[in-house]
Amino acid sequence: MSELHVYNSHSKKKEPFNPIDPNRITMYVCGPTVYNLIHIGNARPAVVFDTLYRLLKRHYPNVIYARNITDVDDKINKAAFEQNRTIKDVSDEFAQKYLDDIAHLNVLEPDIQPRATDHIGEMITMVQALIDKGHAYEAEGHVLFAVDSFENYGELSGRDMDDMIAGARVEVAPYKRHAADFVLWKPSDDSQPGWESPWGYGRPGWHLECSAMIEKHLGISIDIHGGGQDLQFPHHENEVAQSCCAHDGQEYVRYWMHNGYITMKGEKMSKSLGNIFTVRDLLEKVPGEVLRFVLLSAHYRKPLDWSESVIEAARKTLDGLYNALYLKSAIEPSSDTAEIEKLVEPVEQALLDDLNTPLAISHLHELAKQLNKADDEHSALYKAALIEAAHRMGLLFNNPEEWRKGDAVSDGLSDDEIEQLITERAQAKADKNWARADEIRDLFSESNIILEDSASGTTWRRG
RNA sequence: GGCUGAAUGGUAGAGUGGUUAUACAGUGGAUUGCAAAUCCAUGGACGUCGGUUCGAUUCCGGCUUCAGCCUCCA
């Protein structure tokens, strides 16, 4: 496999990636609704599609990546009301915290980060177009999309509307013509955010923003649309319906990609269940790179069960990779790009195969092992290859020595004290005073510091 | 109830119609004053029942279990 293949959740198959225009790749990913802190599940699409973005940029000259922020939503209204704050205040705060959080996961900034509130005009235009074309209707102050008017409705998520209605457990609003019709525009009262529209003062339905922002920033048809699996229905299904109907049936999205869930003890992690770990809390305990590594250690379409032990495993693995670089600190990485590319190739191939990051990581181990046992000349090459391969996944971007030393614990030994004790121990060793030497090492051990003796001296790291 | 998807060694996790995934943990060895780190070696797996096949963990079908969607959700 030498070209990119992606699993298209529309066709349910892995397909070769044939972009609409190789000179302008377009990708859109659904970002969060900003009403509280994001949890690690929200971070998964950010990291997964960041990895895809990096990959695309390597293979195409011009990639335009948009990731939105939903800042109009009834959940935000509710949070603002409960906290006695303005809606904008709440959404601004959590939008910024979202960006700060994922920046710690080494997620690149997308080219465009559109916000719903900046695109109300575009949304109104789209609603009007849908009404004009007979795909939407007004009822009791609402504008609804008529799913009956779109014959492919349900195709993306593989659903049959009749079956769904038969199994429906939710009461249908009386003004809907069809139970599956969804809101494009709804009325607002004074306490809710609203804008003037041909249908009165109101606000858009949730699905509309993505359709409108994609049209404005990326075009009528885009290559890749990504998001969490839980968005496939109804959110993405409704986007397809709106956009196709507004654009007279033109293709909306060529490749749909959905990432699997983060689970907790096998159960989906979600804000409504409350079984969440916020990224912010996790970052208190471990470096962001550890979190990114965990997220990439399972294939993006598979569920990933979050636990203390996967975090520990990721940290240990990264320790090993950084150690390989650290041991060769004195070696200048090679700049022989052709030779480096050869060594990095297996990693690139794994990524090109529908973002097989676990396989790519296994190749990282191979490079690290080769680096560990290489002589100086080969070390330069393997070191460069390991760094390059890891960077392609947004990994190993920290300084190896700083990584080893970790963060000094406030009540533990300072770096200076550590160096002093190491000097004392070196003297004890020279005197063959093994008891004192071991005593000092035990002292370190209590502070979670591990000593490593080598021919060139003693080094230390925080375990 | 309808529809999806998943089930791999102690754990995490790829992949494949016949030949080593990989990592952590374990075991043996090299190395070390002893360790640590590193290297070498090694045991251990494909939910269940059938079918196709010379041969299936891999393809097909039934079953079981689990998760998810059908309501906001990454």
Side-chain angles (χ1 to χ4, degrees), chain A residues 9 12 29-33 35 38-49 70 73-75 78 154 157-171 179-180 206 226-235 237 258-263 265-273 276 294 297-305 307 309-310 312-317 319-321 323-324 326-327 350 353 356-366 368-369 371-373 404 428-429 432-435 437-438 441-442 444-445 449-455 458-461 463:
Chain A
S9 27
K12 296 189 172 62
V29 170
C30 289
T33 301
Y35 66 102
I38 62 157
H39 62 252
I40 191 67
N42 301 108
R44 171 120 97 152
V47 167
V48 163
F49 292 105
T70 297
D73 187 277
D74 288 352
K75 289 190 293 295
K78 185 162 173 269
S157 53
R159 281 155 212 269
D160 180 275
M161 279 309 109
D162 295 336
D163 286 349
M164 283 186 43
I165 290 159
R169 298 186 307 228
V170 173
E171 211 172 314
W206 171 41
Q229 220 162 48
D230 44 1
L231 296 182
Q232 191 167 4
F233 188 89
H235 184 53
E237 189 72 58
H258 293 100
N259 64 272
Y261 306 116
I262 304 281
T263 56
K265 299 195 170 92
E267 241 188 352
K268 182 185 171 187
M269 183 184 288
S270 75
K271 289 178 182 174
S272 41
L273 286 174
I276 60 168
V294 175
S297 67
H299 185 81
Y300 77 91
R301 281 189 280 117
K302 293 249 176 140
L304 171 56
D305 203 52
S307 67
S309 64
V310 297
E312 251 329 284
R315 207 181 61 87
K316 276 182 80 166
T317 303
D319 283 350
L321 296 175
N323 192 231
Y326 174 79
L327 291 173
D353 184 10
N356 192 340
T357 51
L359 185 59
I361 287 170
S362 79
H363 294 308
L364 248 37
H365 286 119
E366 180 61 26
K369 175 172 280 195
L371 175 57
N372 278 330
K373 47 196 233 190
R404 282 165 55 88
K429 280 178 58 175
K432 297 208 188 304
N433 183 355
W434 307 127
D438 290 349
R441 189 167 54 208
D442 290 345
F444 278 121
S445 171
I449 288 164
I450 298 159
L451 295 185
E452 295 173 355
D453 294 339
S454 75
T458 299
T459 58
W460 62 277
R461 65 190 163 94

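Labels below follow one simple rule: chain letters A, B, ... track the order of the sequence lines, proteins then strands, and each chain is numbered from 1.
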- Message: Of the listed nucleotides (B:U22, B:A74, B:C72), which one gets closest to any side-chain atom of A:Pro234?
- Response: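 Of B:U22, B:A74, B:C72, B:C72 is nearest to the side chain of A:Pro234.
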Side chain of A:Lys12: nearest nucleotide among B:U4, B:C69, B:A21?
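So the side chain of A:Lys12 is nearest to B:U4.
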Check this one for me: any side-chain N or O of [X] less than 4.0 Å away from OP1 or OP2 of [N]?
{"X": "A:Arg461", "N": "B:A36", "answer": "no"}
{"X": "A:Asn42", "N": "B:A74", "answer": "yes"}
{"X": "A:Lys271", "N": "B:A74", "answer": "yes"}
{"X": "A:Trp206", "N": "B:C73", "answer": "yes"}

| message | How many whole angstroms separate atom NE2 of A:His235 from atom P of B:G68? | response |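 Going from A:His235 (NE2) to B:G68 (P), I get 21 Å.
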| field | Nearest-Å distance for atom pair NE2/C1', residues A:His39 and B:C72 | value |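 Rounded to whole Å, this separation is 12 Å.
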- Task: Quick one: list whatever passes ring-ring contact (aromatic ring centres under 6.0 Å, His included) with A:Trp206, sequence neighbours left out.
- Result: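 A:Trp206 satisfies ring-ring contact (aromatic ring centres under 6.0 Å, His included) with A:His235 once adjacent residues are dropped.
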Does the ring of A:Tyr261 carry A:Lys302 above it, NZ/CZ under 6.0 angstrom from centre and within 45° of its axis?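 A:Lys302 over A:Tyr261 ring: no.
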Pairing string of RNA chain B (Watson-Crick or G-U wobble, both atom distances under 3.5 Å; | = paired to other strand) is (((((((..(((.....[...))).(((((.......)))))....(((((..]....))))))))))))....
Given protein heavy atoms under 4.0 Å, the one-letter contact record of nucleotides 10-16 of chain B, with B base, S sugar-phosphate only and - none, is simply ---SSS-
Its contact letters, B for base, S for sugar-phosphate only and - for none at protein heavy atoms under 4.0 Å, make nucleotides 40-46 of chain B read S------
With the side chain counted from C-beta on, respond yes when A:Val294 and A:Leu304 share a heavy-atom pair under 4.5 Å apart, and no when they do not.
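Yes, close enough: below the 4.5 Å cut-off.
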Under-3.5 Å donor-acceptor pair between A:Arg441 side chain and B:A35 base: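 Under the 3.5 Å cut-off, the side chain and the base do form a donor-acceptor pair.
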### No-H, no-angle donor-acceptor pair, A:Asp438 side chain to B:G33 base, under 3.5 Å
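Side chain to base: pair present.
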Worksheet entry | Counterpart residues, side-chain hydrogen bond (donor to acceptor under 3.5 Å, both in side chains), relative to A:His258 (two or more places apart) |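 With neighbours one apart ignored, the set is A:Ser9, A:His236.
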Salt bridge or not between A:Arg404 and A:Glu452? Use side-chain N to carboxylate O under 4.0 Å.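 Yes, this pair counts.
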Q) A:Gln232 and A:Ser157: side-chain donor and acceptor closer than 3.5 Å? A)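 Short answer, no.
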Which is more 5' along RNA chain B, the nucleotide nearest A:Leu451 or the one nearest A:Gly158? Just name the residue.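 Its nucleotide being nearer the 5' end, the pick is A:Gly158.
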Is it the case that over 12 heavy atoms from other parts of the model lie below 6.0 angstrom from the NZ atom of A:Lys432?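 Counting other residues, nucleotides and ligands, NZ of A:Lys432 stays at 12 neighbours or fewer.
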Mind checking what makes salt bridge (charged side-chain N to carboxylate O under 4.0 Å, His left out) contact with A:Glu312, not counting sequence neighbours?
->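 Here the qualifying residues are A:Arg315.
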